[in-house]
Amino acid sequence: MEWSFQTAERLAAALRAGEVTSVELTDEAIARIERDDKTINAICVPDFDRARAAARGADQARARGEDRPLLGIPVTVKESYDVAGLPTTWGMPPHRDYLPAEDAVQVSRLKAAGAVVLGKTNVPVGLQDIQSFNEIYGTTNNPWDHRRTSGGSSGGSAAALASGFGALSIGSDLAGSLRTPAHFCGVYAHKPTLGLAASRGMVPPPGPALPVEHDLAVVGPMARSARDLTLLLDVMAGPDPLTHGVAYRLTLPPARHERLGDFRVLVLEEHPVIPTGSAVRAAVNRVADALVDGGARVDRDSPLLPDLTESALLYTKFLFSGSVARFPVEAYEQVQAGAAALSADDQSLEARLLRGMVLSHRDWIEANTRRELHRHGWRQLFAEYDAVVCPITPTPAFPHDHNPDPRERRLDIDGVAYPYFDQLVWAGLATMPGLPSTAVPAGRSPEGLPVGVQIIGPMFEDRTPLRLAELLEQRVGGFQAPR
């Protein structure tokens, strides 16, 4: 039997039943990577010798009667996580030789759960793109169409999963970096509630790996099924043992419902800032129809929904005010000059982007107050609804575009060009207030490309969108291997 595209849940059952060994699973995964990754370029840092040793150790542990959640299951790790003895570069050439001495907290949790780490997956430079390419490791291609991007910044992880290179992967999400690659490659991902999973050791080189609470950014699981997302989230979730973990223990509430017919869902198709392409709109409607067919209550609008335009503008401020923190002085001064030259009546998203990059601390506090009002609005909405279904980006995966100035790039939406970064507004809908969001495959575009949607849930009720994703899995297609 070929195991490469089986779910982690199925692999765990097979390992427990003695149908297969971890060594066999690991050897099969490595053989597939060595055969197929020349054209995909998802695994940028292989670690096959240590993976085989870990697989032998997993089989020996099972022979002793041990059983852990991921014991013997091959997985991959986004390049941005520290793994002792492997380079952590974030795609930045000056750090190509940086070798951390310790594992990131999430890598430690993977290993403690028994996972076999095959290697690290490719990323964009500094994790700051919707594509995954850099001077050190090259370009990761979409397994469905090599002329197109796999997404970013967890694009290597999504491409690896779609290609059968391991059953699970861990990534991160600030601007849709888990959800967009999942959408582009036809796999599953979950952006946890802000602060749910510790991120120490997922830090730009050369560190240090401190237990810092990041604004907007989270770490999270990627998989080929919704149930596998829950399996991996249970390994990842919980506070950093150096800080909150000293005093707190995590207990996630159960999903609000178990049956599809009990869910109350708000479905959003259009955003006031950017159009939704026809392929994505069809996917949203496909999911809406599946919800209705399953007996769920589905609404298409609600006065409780926080203002989408203000949400996008606030998200842009937060996102880009943080992105310039490590800019050289000269580059930051250029951004300041560009923002100063803007017309006062220019309220475009691109103009807001520039202004956000030079946001003062006083202005940031004001924006944060507005964010708290949005969070309160979401709490009121989730008293009426259990989840919100909406796009992740306006289009399926787009062709590679490596223009060195991203502000000159354009996104084609049904034949009309739009600013490249405007596509982030859907991802920001969940990111800005810190809500959990699950990316699920929802069929194919007319060109045969994967198309996904996201299910946004109430804060710290991550099991609710995950359960809804599981219930939808058989109704809207689920994962399919690229043809």
Side-chain angles (χ1 to χ4, degrees), residues 2-17 19-20 22 25-26 28-29 32 42 58 67-78 106-107 109-118 121 143 154 156-173 178-179 181-183 185-192 196-197 218-237 252 255 436-442 450 452 454-455 457 462-481:
E2 185 177 65
W3 298 98
S4 294
F5 290 101
Q6 296 295 319
T7 65
E9 184 180 47
R10 172 70 180 94
L11 295 183
L15 286 163
R16 291 184 183 111
E19 297 177 43
V20 69
S22 180
L25 293 180
T26 301
E28 181 179 310
R32 180 173 288 275
D67 191 14
R68 286 172 266 160
L70 305 179
L71 185 60
I73 295 175
V75 306
T76 59
V77 171
K78 188 175 181 177
Q106 293 299 342
V107 174
R109 288 176 178 177
L110 279 180
K111 292 180 178 179
V116 174
V117 178
L118 297 167
T121 59
S154 306
S157 288
L161 286 167
S163 301
F165 305 161
L168 302 167
S169 194
I170 58 173
S172 60
D173 194 309
L178 285 160
R179 293 162 287 163
H183 157 50
C185 294
V187 299
Y188 288 79
H190 181 70
K191 184 199 90 66
L196 181 66
V218 301
V219 297
M222 306 183 79
R224 287 191 294 265
S225 78
R227 287 175 66 88
D228 280 0
L229 287 180
T230 300
L231 173 68
L232 185 49
L233 181 66
D234 285 346
V235 170
M236 299 181 72
L252 282 176
S437 176
T438 306
V440 301
Q454 62 179 327
I455 305 171
D462 293 61
R463 296 197 191 282
T464 292
L466 285 165
R467 177 58 180 164
L468 184 54
E470 182 183 335
L471 293 168
L472 285 168
E473 188 163 357
Q474 299 305 314
R475 293 175 175 267
V476 292
F479 170 77
Q480 297 176 13

Any non-hydrogen side-chain atom of P143 less than 4.5 Å from a side-chain atom of C185? yes

Report the distance from atom CD of Q106 to atom NZ of K78, rounding to the nearest 0.5 Å. 13.0 Å

Closest heavy-atom pair, P441 versus F479, reported as atoms and distance to 0.1 Å, is CG-N, 4.3 Å

Under a 4.5 Å cut-off applied to non-hydrogen side-chain atoms, are T76 and L161 in contact? no

Which heavy atom in V235 sits nearest to a heavy atom in P69, and how many Å separate them? CG2-CB, 4.2 Å

Just verifying a value: how many Å separate M222 CE and R179 CZ, rounded to the nearest 0.5 Å? 11.0 Å

Taking all non-hydrogen atoms of both residues, which atom of R32 and which atom of E2 are closest, and how far apart? NH2-OE2, 2.6 Å

Could you check I170, L229, L168 and say which one makes a side chain to side chain contact (heavy atoms under 4.5 Å, CB included) with P221? L229

Are side-chain heavy atoms of L70 and L232 found at a separation under 4.5 Å? yes

Does the D462 side chain pair with the main chain of P436, one donor and one acceptor, at a distance under 3.5 Å? no

List the atom of S169, the atom of S157, and the distance in Å for their closest heavy-atom pair. OG-OG, 2.8 Å

dist L233:CG -> L196:CG (nearest 0.5 Å) comes out at 5.5 Å

A side-chain contact here means heavy atoms from C-beta on lying under 4.5 Å apart; do W3 and R10 qualify? yes

Check R463 with D234, please: is the shortest side-chain N to carboxylate O separation under 4.0 Å? yes

Looking only at heavy atoms, what is the nearest atom pair of R224 and S4, with distance? NH2-O, 2.8 Å

Between S225 and T7, do the side chains contain a donor N or O and an acceptor N or O under 3.5 Å apart? no

Which value, rounded to the nearest 0.5 Å, describes the distance between I73 atom CD1 and E9 atom CD? 9.5 Å

Report yes if the side chains of L11 and V20 come closer than 4.5 Å at any heavy-atom pair, otherwise no. no

Hey, mind stepping through V75 and L118 against side-chain contact (heavy atoms from CB on, under 4.5 Å) and telling me if it holds? CA-CA 6 Å; V75 306; L118 297 167; over 6 Å; no

Reported CD1-to-OG distance for the pair I455 and S437, which is rounded to 0.5 angstrom: 8.0 Å

Closest contact, heavy atoms only, L466 versus A226: O-CB, 4.3 Å

